[in-house]
Amino acid sequence: MNMMTEGLKLAAGRALEGLLERGTATAPRGLAAGYLITALVQSSTAVTIASIGFVNTGLLPLKNALWVIFGSNLGSTMNAWLVAILGFGFKIDTFSLPFVGIGAMLMLAGRTLRARSLGQALAGFGILFLGIGVLKDGFSGIGGMVDLQDFIAPGLAGWLILIGIGTLLTVLMQTSAAVVAIVITAAQGGLLSVEAACAIVIGTNIGTTSTAVLAAIGATAAARRLAAAHVLFNVVTGIAALLLLPALIGLADWLRGVLEQPATPALMIVLFHTTFNVLGVLLMVPLAPGMPRLLERLFRTREEEAARPRYLDANSLTVPDLAMRALRLELSRSQEFAVAGLTAITHQPPDEAGVRRETASLQALAPAISDYAHRLSGARLPLALVEQLAHSLRTLRYQETAVVLLQEVAGLAGELDLPDSTVPGFRTEAEAFRHALTNLAEAAVPLRDAFSSGAVSVRLDEMETSYQALKEALFLAGAHARLDIRTMQDWLRLASLTRRAARQIAKAARMIAALGEGSSAAEAAQNAEAEEGTD
């Protein structure tokens, strides 16, 4: 099974990715794509992992990926059909040995990766059916001596035990197709009744979720959502199949009669396998529209979690003073993200991932703050609160401007290397500027005890002094050819962008401090900032 699956995946190459990307725009197309790709590569796990990758990169929306997963479960029945039709309808040696021979020659002599991979798939296909022949002969030999039915508990308890066995075998072997093939050959050899074999097959469907669950551990929220959808589909389908087990076996027997096929255990099992997977897809039709919303509530990214306001309660809108206090607290929280982004820039080397993480968190939270302020503006507010609301919106704008600048700084910092010690004065001034930024960041966190508008102003002045010294050192280094002009310009731009971001964060911090003291203090803070200018 492993040879066949890996060979098919490699031989298909990027065609599978293209089919997933282009063929999943609607639910029916996603279902068909999942079915066809799984039938082609004989691995629902491969399709699940590929779908997770596409969801992570944004190429495949979660609602479309769900139908790919549902289709892949349906496509996993194709291997059982191959086993039932080829393994028990033909003399296995007649076609399996040529497949092994041709496949082996392609593996050894193929000039391209695709040819060698196709050879691996063909050899695996042949060996798989040789193995089924061995199993069939072995089970037939012991079928008359051992009756496993004697060891199976009757009724629902027995079915649950058999489902557990199927689940455990699939988890251990990491392939439901191989377990289903063994179950089919055991039933065909007389060791298991059709009912017992069908119960084990239900367990194999549940067991296939283990790979997705393992892949989702420590993964992104999107990966966990899709893995959860995979588990939900298989478990719901398994429960439905267990509750309807006799009815579904009866339906499989009726379908066999319609198809005018003999009542062999192999055919009955694959008809049951297909029938209950189709039932699972039908059960998902009414559930699928609401499933993305449920999964998004259960599994959130850090940015999505940050986007959930901590203090903005809709009930507070009826009491404007409480609403303004909640807005000020939420702005203090968004300020923490901006400050954390500035701190990440001061690391040596700059923590680009940290900058992007913190700035993304603020950008995710900002719309909720803006919306709350908009709803508050619709209420009847006294003039003092109207002014505070205006200052709150100004604070949010400072923060949003700062994170855009920090993102630009992070991109530029990753491209620049710090010049060596042969550039006199430059390294010293750069380190002093970095230290001043760190001090400013520490002073600009609103929820700290020492936080005040005055402390922020002092740190801002120190940062401004160190920036001017760094700028002068860069100009001198360029003038004396200790730095080439392009490098000098890049460092000047980096320092300027960082300084502008720090100033925006300082403005937001002073405004938050002033908001806590009242509208007149906020007005004074705004006037002071206007007098300072921007550059």
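Keep in mind that what you see is a predicted model, and the values were worked out from it rather than measured. Residue numbers run from 1 in the order of the sequence given.
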**Prompt:** Using 4.0 Å as the upper bound for N to carboxylate O, is an ion pair formed by R333 and E336?
**Reply:** no
**Interatomic distance, S361 atom OG to R356 atom CZ [nearest 0.5 angstrom]** = 13.5 Å
**Message:** So L331 and S392, do their side chains get closer than 4.5 Å, heavy atoms only?
**Reply:** yes
**Message:** Could you report the tightest heavy-atom contact between I512 and R328, atom names first, then the distance?
**Reply:** O-CD, 4.1 Å
**Nearest heavy atoms of L460 and L440, plus distance in Å** = N-CD1, 3.9 Å
**Asked** Any side-chain heavy atom of S370 sitting closer than 4.5 Å to one from L396?
**Response** yes
**Prompt:** Looking at G207 and S210, what are the two nearest heavy atoms and their distance?
**Reply:** O-OG, 3.0 Å
**Asked** Any side-chain donor paired with an acceptor under 3.5 Å for E464 and Q468?
**Response** yes
**Message:** Are W67 and P28 packed together at the side-chain level, in the sense that at least one heavy-atom pair is separated by less than 4.5 angstrom?
**Reply:** no
**pair T204-L169: side-chain heavy atoms closer than 4.5 Å** = no
**N277 and T237 side chains, donor-acceptor separation under 3.5 Å** = no
**Request:** Go through the steps to decide whether R459 and E462 satisfy the test salt bridge (charged side-chain N to carboxylate O under 4.0 Å, His left out), and finish with yes or no.
**Result:** CA-CA 5 Å; R459 297 303 185 188; E462 292 174 355; 3.0 Å; yes
**Asked** What distance separates H374 NE2 from L393 CG, expressed to the nearest 0.5 Å?
**Response** 11.0 Å
**Prompt:** Quick one: are T359 and F337 in side-chain contact, heavy atoms under 4.5 Å?
**Reply:** no
**Request:** For residues P309 and I369, determine if any side-chain heavy atom of one lies less than 4.5 Å from a side-chain heavy atom of the other.
**Result:** no
**Prompt:** Going through the distances and angles, do L168 and L172 end up as a side chain to side chain contact (heavy atoms under 4.5 Å, CB included)?
**Reply:** CA-CA 6 Å; L168 180 62; L172 292 174; 4.0 Å; yes
**Request:** Applying side chain to side chain contact (heavy atoms under 4.5 Å, CB included), run through M284 and V236 and close with a yes or a no.
**Result:** CA-CA 9 Å; M284 290 299 116; V236 168; 3.9 Å; yes
**Item:** Crowding at CZ, R434 (>12 non-hydrogen neighbours, <6.0 Å)
**Value:** yes
**Request:** Compare every heavy atom of A443 with every heavy atom of V456, then report the nearest pair and how far apart it is.
**Result:** CG2-O, 3.4 Å
**Asked** With distance as the sole test, does R510 use its side chain to make a donor-acceptor pair with the main-chain N or O of S453 at under 3.5 Å?
**Response** no
**Request:** Find the distance between CG (D484) and CD (Q489) and round it off to the nearest 0.5 Å.
**Result:** 9.0 Å
**Complete:** For A326 and Y372 the tightest heavy-atom approach is CB-OH, 4.2 Å
**Message:** I need the single residue from Q399, E400, Q407, E358 that forms a side chain to side chain donor-acceptor pair (under 3.5 Å) with Q363. Which is it?
**Reply:** Q407
**Message:** Does Y398 form a side chain to side chain contact (heavy atoms under 4.5 Å, CB included) with R503? I'd like the steps, not just the answer.
**Reply:** CA-CA 9 Å; Y398 290 151; R503 286 174 63 84; over 6 Å; no
**Side chain proximity check, M324 to L376, heavy atoms < 4.5 angstrom** = yes
**Fill in**
Between the CG atom in L327 and the CZ atom in R375, the distance rounded to the nearest 0.5 Å is 12.0 Å
**Asked** Under a 4.5 Å cut-off applied to non-hydrogen side-chain atoms, are L226 and L66 in contact?
**Response** yes
**Evaluation steps, side chain to side chain donor-acceptor pair (under 3.5 Å), between N73 and S76** = CA-CA 5 Å; N73 277 272; S76 65; 5.2 Å; no
**Request:** Give the minimum heavy-atom separation between T401 and Q504, together with the two atoms involved.
**Result:** CB-OE1, 3.9 Å
**Gap between atom OG1 of T498 and atom CG of L405 - 0.5 Å precision** = 9.0 Å
**Request:** Quick one: sort the F70 and F233 rings into parallel, tilted or perpendicular, breaks at 30° and 60°.
**Result:** parallel
**CZ-NE2 distance between F475 and H480, expressed to the nearest 0.5 angstrom** = 13.0 Å
**Asked** How far apart are the C-alpha atoms of K471 and E429, what are their side-chain angles, what is the distance that settles it, and do they pass the side chain to side chain contact (heavy atoms under 4.5 Å, CB included) test?
**Response** CA-CA 9 Å; K471 187 166 70 170; E429 301 301 339; over 6 Å; no
